[in-house]
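Here's the structure, in structure tokens; my notes come after.
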Amino acid sequence: MNAGRAELCAVVLAAGEGTRLRPLTERLPKALCPVGNVPLLDRALDRLAGLGLVGPDRVAVNACYLGAQVVDHVGRRAHLSVEPGDPLGTAGGVANLRDWIAGRGVLVGNADAYLADPGRRPGPDIAALLHGWDGDSVRLLGQPAPDPTAPGTFDGHVFTGFSLLPWRLVRELPPGFGDLVRAVWRPAEAAGALSVVPYPGTFYDTGTPADYLAANLHAADGGNLVDPTATVTGRCRTAVVGAGAVVRGDVERAVVWPGATVGPDERLRDVVRAGTALTVPGTPPSPGRGSI
């Protein structure tokens, strides 16, 4: 199966609460947290567009926690599936879209996955996941695990945010809460119907402040990434500064969210600043660390 064929659709999972990123996600859903001054959800949608998957007929986004923000942000760019109550999980979110999927294979992406391949633009960088797919098996995008035998690995790989699911398995997903690991991936693995396609670039799942900071610093590529509307009269070293932010102090290896401020007497290092006073520390992990 080739990317862009009409029988393939895509689902971006954006309903989660992002509990490990709190307190940042108390005010903003994880899917809208910016990395390199681009909301994670937009990065996912741009990657799908690079595969020819665009519009509400081909792309769906689920929402739940702070869902109104996600709905407003997506607008008409994708079909929206708003889950009432608590999030339905990765399997439940896909099952809830069964009528929209309607017989197609599904490329499922986690909104919180940060991927970057210096040799390929977003979309083509994961195209190998689709190449030659038989439409019947399960595929995962992955990277070799530091410990290939560790729990949570698949064929010695850690999952890096995107998977391919055949319709035959999607139509059997039960309604309600569930996760893809137990409902689809492990049973497919046991049946010999799961394979892992290696991702050669950098991956962070951005689920913790440390990983979130590391993804931003990777996007900054060793320098400063400052939005043109930000005001910087202080000193920035390896920093990401968002739209409308004001930096009058000293920031190093830091992220300053859109609209946030850093006072003239402040010295921030290895942190995320949101608003006028919220400072969330993060210790950068080893490159490429991720989780399911």
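Predicted, not measured: the structure shown is a model, and the values here were computed from it. Start at 1 with the first residue, then count along the sequence.
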Residues Leu28, Trp257; criterion side-chain contact (heavy atoms from CB on, under 4.5 Å); working and verdict = CA-CA 11 Å; Leu28 193 69; Trp257 268 19; 3.8 Å; yes
Given the rule in the salt bridge (charged side-chain N to carboxylate O under 4.0 Å, His left out) test, do Arg248 and Glu266 qualify, once you have shown the distances and angles that lead to the verdict?
-> CA-CA 8 Å; Arg248 305 197 188 281; Glu266 291 190 284; over 6 Å; no
May I have the step-by-step check of salt bridge (charged side-chain N to carboxylate O under 4.0 Å, His left out) for Asp125 and Arg47, ending in yes or no?
-> CA-CA 8 Å; Asp125 66 335; Arg47 181 161 275 106; 2.9 Å; yes
Go through the steps to decide whether Leu180 and Leu165 satisfy the test side-chain contact (heavy atoms from CB on, under 4.5 Å), and finish with yes or no.
-> CA-CA 10 Å; Leu180 288 173; Leu165 307 180; 3.9 Å; yes
Trace of the side-chain hydrogen bond (donor to acceptor under 3.5 Å, both in side chains) decision for Glu83 with Asn62 = CA-CA 7 Å; Glu83 300 169 5; Asn62 73 336; 2.8 Å; yes
Give the intermediate values and the outcome of side-chain contact (heavy atoms from CB on, under 4.5 Å) for residues Arg104 and Arg58.
-> CA-CA 10 Å; Arg104 295 177 288 183; Arg58 304 293 301 283; 4.2 Å; yes
Begin from the C-alpha positions of Arg77 and Asp42 and carry the test side-chain contact (heavy atoms from CB on, under 4.5 Å) through to its verdict.
-> CA-CA 10 Å; Arg77 290 184 291 167; Asp42 287 353; 3.1 Å; yes
Walk me through it: do His218 and Tyr204 pass the test side-chain hydrogen bond (donor to acceptor under 3.5 Å, both in side chains)?
-> CA-CA 10 Å; His218 184 273; Tyr204 290 103; over 6 Å; no
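Here the side chain of Tyr212 pairs no donor or acceptor atom with the backbone of Cys33 at under 3.5 angstrom. Within the 3.5 Å criterion, the main-chain N or O of Gly36 finds a donor-acceptor partner in the side chain of Asn216. Put simply, the side chain of Asp99 never gets that close to the backbone of Ala102: no donor and acceptor are under 3.5 Å apart. Using modelled atom types, no side-chain atom of Asn110 and backbone atom of Ala113 make a donor-acceptor pair closer than 3.5 Å. The backbone N or O of Gly244 sits less than 3.5 Å from a side-chain atom of Thr229, completing a donor-acceptor pair. Remark: the backbone N or O of Val71 is not paired with any side-chain donor or acceptor of His73 at under 3.5 angstrom. No donor-acceptor pair under 3.5 Å is formed between the side chain of Gln143 and the backbone N or O of Val158.
No hydrogens or angles considered: nothing links the side chains of Thr90 and Asp179 as a donor-acceptor pair under 3.5 Å.
Remark: Asp46 does not engage Arg43 in a salt bridge, criterion side-chain N to carboxylate O under 4.0 Å. Salt bridge annotation for Arg20-Asp211: absent, with no cationic side-chain nitrogen under 4.0 angstrom from a carboxylate oxygen. One finds no salt bridge joining Glu252 and Arg267 here, because no Lys/Arg side-chain nitrogen approaches an Asp/Glu carboxylate oxygen to under 4.0 Å.
Rounding to the nearest 0.5 Å places CG of Asp72 at 11.5 Å from CG of Leu66. Taking CG from Leu164 and CG from Asp136, the interatomic distance works out to 12.5 Å, rounded to the nearest 0.5 Å. If you take CG on Leu107 and CG on Leu51, they are separated by 6.5 Å, rounding to the nearest 0.5 Å. Going from atom CG of Leu278 over to atom CG of Leu24 covers 5.5 Å, rounded to the nearest 0.5 Å. Atoms SG and CG, on Cys9 and Leu53 in that order, are 8.5 Å from each other to the nearest 0.5 Å. The distance from the CG atom of Asp86 to the OH atom of Tyr65 is 12.0 Å, given to the nearest 0.5 Å.
Counting heavy atoms from C-beta outward, Val184 and Val138 have side chains that approach closer than 4.5 Å. Side-chain atoms of Arg98 and Leu173, non-hydrogen and from C-beta on, do get closer than 4.5 Å to each other. Annotation: side chain of Arg22 is in contact with side chain of Thr25 (closest heavy-atom distance under 4.5 Å). By the 4.5 Å heavy-atom criterion applied to side chains, Val59 and His79 are not counted as neighbours. Residues Asp250 and Val262 form no side-chain contact, since every pair of their non-hydrogen atoms from C-beta on lies 4.5 Å or further apart.
Hydrophobic clustering of Ile, Leu, Val, Met, Phe, Trp and Tyr side chains at less than 4.5 Å, counting indirect connections, keeps Val256 apart from Leu225. Both Leu194 and Val181 are part of a single hydrophobic cluster, where members link through side-chain heavy atoms under 4.5 Å apart. Note on Val35 and Val251: separate hydrophobic clusters, where clusters join Ile, Leu, Val, Met, Phe, Trp and Tyr whose side-chain heavy atoms are under 4.5 Å apart, directly or indirectly. Ile126 and Phe203 fall within a single hydrophobic cluster, where Ile, Leu, Val, Met, Phe, Trp and Tyr side chains are chained together by heavy-atom contacts under 4.5 Å. Side-chain heavy atoms closer than 4.5 Å link hydrophobic residues (I, L, V, M, F, W, Y) into clusters, and following such links, even through other members, never connects Val246 to Val241.
Smallest separation of non-hydrogen atoms from Leu140 and Ser163: CD2-CB, 3.5 Å. Residues Gly75 and Leu80 approach most closely at O-CD1, 3.7 Å, considering heavy atoms. Residues Glu189 and Thr153 share a closest heavy-atom pair of OE2-O, 4.5 Å. Contact record, Ala10 with Trp100: O-CH2, 3.5 Å, taken as the closest heavy-atom pair. Residue Thr206 comes nearest to Leu21 through the heavy atom pair O-CD1, 3.4 Å, listed as atom of the first residue, atom of the second, then distance. Counting all heavy atoms, side chain and backbone alike, Val70 lies closest to Ala14 at CG2-O, 4.2 Å.
By the 30° and 60° cut-offs, the orientation of the rings of Trp185 relative to Phe154 is perpendicular.
Cation-pi contact between Arg139 and Phe162: absent, since separation from the ring centre below 6.0 Å together with deviation from the ring axis within 45° is not met.
Test Val232, Val240, Thr231 against Val226 for side chain to side chain contact (heavy atoms under 4.5 Å, CB included) and you get one pass: Val232.
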